[in-house]
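For reference, the structure is listed below as structure tokens.
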Amino acid sequence: MADIGIFGGSFNPIHKGHVSLARQLLRKVALDEVWLLVSPQNPLKPQSSLLDDGMRLEMARLALAEEPDIKASDYEFHLPRPSYTWNTLQHLSQDYPQHRFTLIIGADNWHVFSQWRNSSDIIANYPIVIYPRNGYPVDAALLPPSVRLVNTRLYNMSSTLVRRLIAEGRGVRRYLHPEVISYIQANHLYNSL
């Protein structure tokens with residue numbers, strides 16, 4: 001039985017912080033793989049700036065081409081929308097009974113976790129790993145038994161920042177895999193030149 005970390009997000013676009021974080025979590029949580037689930041629709045985020053699902057998935061695959069234990073997944077593309085995490089985890093457990101799934105979320109999401117659909121069911125049925133985010137303190141002593149805080153490096157980057165830099169015609173090499181940059185340029189994404 002393999003231990004799989006589920007790291008969902010819009011990845012609009014995927015950046016080096018996402019990949020480095022997944023690498024750290026593989027090691028620190030002793031996971032066999034991390035699956036980056038590219039989300040087609042986040043119930044808590046506006047859709048307006050969300051790039052086409054297939055393009056975000058392709059950029060994730062390009063960024064992870066040399067990461068054998070981190071996979072870009074379109075699993076949620078095939079589920080009813082909006083994609084609620086509880087539904088996703090239930091489907092994953094049904095489709096992959098040979099795996100154990102751990103939910104990976106940022107401290108910012110933990111702060112609003114009680115607003116997530118079936119949040120108490122998630123806590124009762126799946127391990128949750130929280131990674132730190134600036135401005136979102138988490139007291140590990142107050143966490144439920146199935147939830148743990150993992151001390152990972154803080155990354156001062158975000159997809160929002162990357163999109164803004166691209167729109168302004170500024171360099172993003174320190175944030176994005178070269179293949180992702182080429183893809184963005186070739187497809188004229190985020191108002192790139």
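A quick note: this is a predicted structure, and the numbers were derived from the prediction, not measured.
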Q: Test Thr102 against Leu25 for side-chain contact (heavy atoms from CB on, under 4.5 Å), laying out the working first.
A: CA-CA 11 Å; Thr102 296; Leu25 290 164; over 6 Å; no

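Formation of a donor-acceptor pair under 3.5 Å by the Gln24 side chain with backbone atoms of Arg153 is found in this model. Put simply, the side chain of Arg81 never gets that close to the backbone of Glu76: no donor and acceptor are under 3.5 Å apart. A donor-acceptor pair is defined here as one N or O able to donate and one able to accept, closer than 3.5 Å; such a pair exists between the side chain of Ser146 and the backbone of Ile123. Using modelled atom types, no side-chain atom of Lys71 and backbone atom of Leu64 make a donor-acceptor pair closer than 3.5 Å. Between the side chain of Asp74 and the backbone N or O of Phe77 there is no donor-acceptor pair closer than 3.5 Å. The closest donor-acceptor contact from the side chain of Asp139 to the backbone of Ala141 lies under 3.5 Å. In terms of modelled atom types and a separation under 3.5 Å, the side chain of His18 and the main chain of His15 share a donor-acceptor contact. A donor-acceptor pair under 3.5 Å links the side-chain atoms of Ser182 to the main chain of Pro178, judged by distance alone. No donor-acceptor distance shorter than 3.5 angstrom exists from the side chain of Ser10 to the backbone of Ser39, with no hydrogens or angles considered. Looking at Asp32, its side chain never comes within 3.5 Å of a backbone N or O of Ile4 through a donor-acceptor pair.
The shortest side-chain heavy-atom distance between Leu37 and Leu92 falls under the 4.5 Å cut-off. Side-chain contact between Thr85 and Trp116 is present, with at least one heavy-atom pair separated by less than 4.5 Å. Residues Thr160 and Arg163 are in side-chain contact: their nearest non-hydrogen atoms beyond the backbone lie under 4.5 Å apart. Residues Tyr190 and Leu165 have side chains not in contact (no heavy-atom distance under 4.5 Å, counting atoms from C-beta outward). Leu176 is listed as a side-chain neighbour of Ile184, based on a closest heavy-atom distance under 4.5 Å. Proximity of Met59 to Val38: side-chain heavy atoms (C-beta onward) are nowhere separated by under 4.5 Å.
To the nearest 0.5 Å, the span separating CG on Asn118 from CD on Gln90 amounts to 8.5 Å. With values rounded to the nearest 0.5 angstrom, Ser73 atom OG is found 13.5 Å from Phe7 atom CZ. Atoms CD and CD, on Glu179 and Glu58 in that order, are 10.0 Å from each other to the nearest 0.5 Å. Here the NE2-OG distance, from His99 to Ser93, works out to 10.5 Å after rounding to the nearest 0.5 Å. Note that the CD atom of Glu168 and the CG atom of Asn191 stand 11.0 Å from one another [nearest 0.5 Å]. The structure places OG1 of Thr152 at 6.5 Å from NZ of Lys28, a figure rounded to the nearest 0.5 Å.
Listed here is the closest heavy atom pair of Asn156 and Leu161: O-CD2, 4.4 Å. Scanning all heavy atoms of the two residues, the minimum distance from Lys16 to His177 falls at CE-N, 4.1 Å. The two residues Val138 and Leu149 make their nearest non-hydrogen contact at O-CD2, 3.8 Å. The two atoms that bring Ile14 and Ala63 nearest to each other are CG2-CB, 3.7 Å, heavy atoms only. Minimum heavy-atom separation, Trp110 to Pro144: CZ2-CD, 4.0 Å. Counting all heavy atoms, side chain and backbone alike, Pro13 lies closest to Val162 at CG-CG1, 3.8 Å.
Hydrophobic clustering places Val112 together with Ile130 (ILVMFWY residues linked when any side-chain heavy atoms are closer than 4.5 Å, directly or through intermediates).
Counting heavy-atom neighbours within 6.0 Å of Gln98 CD, excluding the residue itself, gives a total above 12.
Counted by atom type alone, Asn109 and Tyr136 present zero donor-acceptor pairs between their side chains at under 3.5 Å.
When Phe101, Tyr75, Tyr126 are each tested for a side chain to side chain contact (heavy atoms under 4.5 Å, CB included) with Ile6, only one passes: Phe101.
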